[in-house]
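For reference, the structure is listed below as structure tokens.
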Amino acid sequence: MTPKSLLAEPGGDARPLWIADRDAVSSLPKDVTAWLSAIDASEQEGDVHLLPDGAGGVGAAVLSLGKTSEPFSAGVLRRKLPVGRWRIANPDSADMTMVTLGFLLGAYRFDTYRANSESRRAVLLETPQGVDADRIVRIADGVWLTRDLVNTPTNDMGPDQIEEACRRLMRNRKGSVRVIKGDDLLTRNFPMIHAVGRASASAPRLIDIRWGRRGAPSVTLVGKGVAFDTGGLDIKPASGMRNMKKDMGGAASVLGLARMIMDAGLDVRLRVLIPAVENSISGNAFRPGDIYRTRQGITVEIGNTDAEGRLVLADALSLADEERPELLINMATLTGAARVALGPEVVPFYTRDDALADVLASASAIEHDPLWRMPLWSPYERTLSSTVADCCNVATDGFAGSVTAALFLGKFVQKAVSWVHFDIFAWNPSARLHGPAGGEAQAVRALYSVIEKRYPAIRKARA
């Protein structure tokens with residue numbers, strides 16, 4: 001099942017689905033409101049009420065958007081509607097683009113490891129008039145890809161499989177995938193990626209994807225690809241290790257975003273860099289107190305081996321920065337401090353570019369993709385000091401963990417025209433209206449909206 005297969009062209013024999021937001025209940029047909037009144041229907045977000053057809057079946061349905069008029073309430077439809085074809089009977093009641101997208105996002109299921117899959121429930125929605133179905137499907141495809149990659153356990157999604165996922169993505173797209181692996185990382189001057197990943201049975205690597213016409217504006221995506229994070233010698237407790245298959249959520253997110261960009265044919269010279277490693281424990285694991293020279297030449301003292309993501313990103317960002325990209329984006333499941341600050345649903349981002357921050361904030365609201373700008377508070381850089389190296393990979397005082405992690409990354413970005421860092425969670429702790437518990441694509445829809453507007457496809461630019 002794919003997002004595209006869940007949408008149908010208008011004009012079929014479809015049952016009506018009425019949308020009821022906080023203002024629209026009274027505008028529904030009298031027979032519909034009479035039925036809702038008779039059953040004392042609730043009006044919570046995501047409530048679905050079925051109306052009889054007079055012959056023992058279901059003739060119509062009503063979806064409540066709740067008091068907040070949450071369009072992603074439509075994410076429940078595939079679970080709650082009877083199998084068949086449905087059409088939205090009052091398309092003026094809400095933003096049909098968001099309703100349709102919510103339907104597709106909520107239809108996602110990760111059933112790869114289940115003997116009996118419910119993903120084959122054939123609930124189809126006719127595309128409402130005026131909705132760009134191709135764009136909605138493109139976004140949903142990217143989100144589903146990200147979720148699939150995050151949800152896949154590490155025994156099937158280690159560094160080898162992350163590389164294969166990149167090659168699979170590019171198989172039918174004109175572009176290139178190059179990989180620097182194992183001890184070649186030392187030869188090619190990526191010492192931090194090598195140090196973090198060398199203890200694993202699966203060799204560390206840097207995956208480098210390129211796509212798009214030469215001469216187009218350069219957009220580079222960097223995603224943290226830690227396939228599993230034990231914490232290294234500073235080992236995590238069992239509770240902290242349980243969901244560490246998701247520590248490659250940054251890599252999964254940039255691949256989902258890259259898919260959207262490529263499938264839209266946006267006029268960019270796209271580069272995707274993924275340092276893919278597993279932070280394991282063995283006799284050659286990197287240690288607290290070790291000092292390493294990064295690709296950029298900055299020396300880093302290891303204060304904690306569980307702060308490994310910023311180390312592999314340092315080398316990848318240095319490489320990206322050398323090309324002076326017009327837009328450099330990095331995404332990483334970087335700190336627990338980000339979750340303490342903003343919880344699992346709101347993503348903090350950091351940038352020196354005020355104009356970019358403004359458009360991201362606007363896109364966040366429009367796309368219902370919650371983001372919040374956090375400060376790159378330079379005075380906190382003093383907490384990353386070391387008595388024996390240029391800096392330490394963790395702060396000495398334990399405060400402002402997400403901010404100091406961003407400041408650490410900022411040391412390796414000096415030439416890019418514009419840079420932004422997202423400290424994502426990549427996970428739904430419990431089911432939400434538009435997605436089940438498990439892997440989640442955060443910030444990518446807002447980012448895609450910004451990139452799409454800034455670098456439209458050539459065919460549109462020429463129109």
Side-chain angles (χ1 to χ4, degrees), residues 192-193 195-196 221-226 229 231-232 234 236 240 244 246-251 253-254 273-275 277 279 286 288 292 294-296 298-318 320-321 328-344 346-353 357 360 371-386 389-414 416 419-427 442-443:
M192 300 299 280
I193 298 173
V196 171
L221 313 178
V222 179
K224 174 186 170 185
V226 177
D229 180 20
D234 289 312
K236 294 177 182 289
M244 280 300 101
K246 80 175 185 66
D247 214 22
M248 44 68 72
S253 297
V254 298
L273 293 170
I274 295 174
V277 302
N279 188 18
F286 76 120
Y292 295 94
T294 63
R295 177 179 181 83
Q296 197 183 90
I298 296 172
T299 57
V300 178
E301 181 184 13
I302 306 304
N304 192 308
T305 62
D306 196 20
E308 85 299 330
R310 66 198 69 183
L311 301 176
V312 298
L313 287 171
D315 277 353
L317 285 170
S318 293
D321 196 50
L328 174 56
I329 298 164
N330 73 264
M331 308 187 77
T333 50
L334 207 59
T335 70
R339 310 287 70 80
V340 173
L342 297 178
V346 182
V347 175
F349 71 93
Y350 299 82
T351 182
R352 304 168 184 135
D353 186 337
L360 282 169
L371 308 176
W372 194 262
R373 188 185 188 184
M374 295 278 274
L376 283 163
W377 186 249
S378 58
Y380 288 165
E381 285 196 30
R382 66 179 180 273
T383 67
L384 293 169
S385 64
S386 165
D390 293 328
C391 66
C392 188
N393 72 324
V394 290
T396 54
D397 60 9
F399 293 127
S402 182
V403 176
T404 54
L407 289 169
F408 180 88
L409 296 181
K411 294 177 182 293
F412 304 92
V413 181
Q414 302 299 325
W419 165 65
V420 59
H421 157 58
F422 293 85
D423 194 341
I424 63 173
F425 192 42
W427 194 257
Q442 296 181 308

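Numbers for residues simply follow the sequence, beginning at 1.
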Separation of [Y] [atom2] from [X] [atom1] (nearest 0.5 Å):
X    : Y    : atom1 : atom2 : value
Q442 : M331 : CD    : CE    : 8.0 Å
K224 : E308 : NZ    : CD    : 4.5 Å
D423 : L409 : CG    : CG    : 9.0 Å
D306 : N393 : CG    : CG    : 10.0 Å
K236 : T305 : NZ    : OG1   : 9.5 Å
Q296 : F412 : CD    : CZ    : 6.0 Å

Taking all non-hydrogen atoms of both residues into account, name the closest pair between [X] and [Y] and its distance.
X    : Y    : value
C392 : V300 : C-CG1, 4.2 Å
A406 : W419 : O-CH2, 3.7 Å
G303 : D234 : O-OD2, 4.4 Å
I298 : C391 : CG2-SG, 4.0 Å
E301 : S386 : OE1-OG, 2.6 Å
L334 : A405 : CD2-CB, 3.7 Å

N/O donor-acceptor pair under 3.5 Å between [X] side chain and [Y] backbone:
X    : Y    : result
R339 : I424 : yes
T333 : D247 : yes
N330 : V222 : no

message: Ignoring hydrogens and geometry beyond distance, is a side-chain donor-acceptor pair present between T383 and D397 at under 3.5 Å?
response: no
- prompt: Picking from D315, L317, D390, what satisfies side-chain contact (heavy atoms from CB on, under 4.5 Å) with T294?
  reply: D315
query: What orientation do H421 and Y350 show, parallel under 30°, tilted 30 to 60°, or perpendicular over 60°?
result: parallel
Does the side chain of [X] reach to within under 4.5 Å of the side chain of [Y], using non-hydrogen atoms?
X    : Y    : answer
L311 : F286 : yes
L342 : V347 : no
L360 : T351 : no

- request: Test side chain to side chain contact (heavy atoms under 4.5 Å, CB included) on V226 and M244 and set out the steps.
  value: CA-CA 9 Å; V226 177; M244 280 300 101; over 6 Å; no
task: List the steps, then state whether side chain to side chain contact (heavy atoms under 4.5 Å, CB included) holds for D353 with V420.
output: CA-CA 8 Å; D353 186 337; V420 59; over 6 Å; no
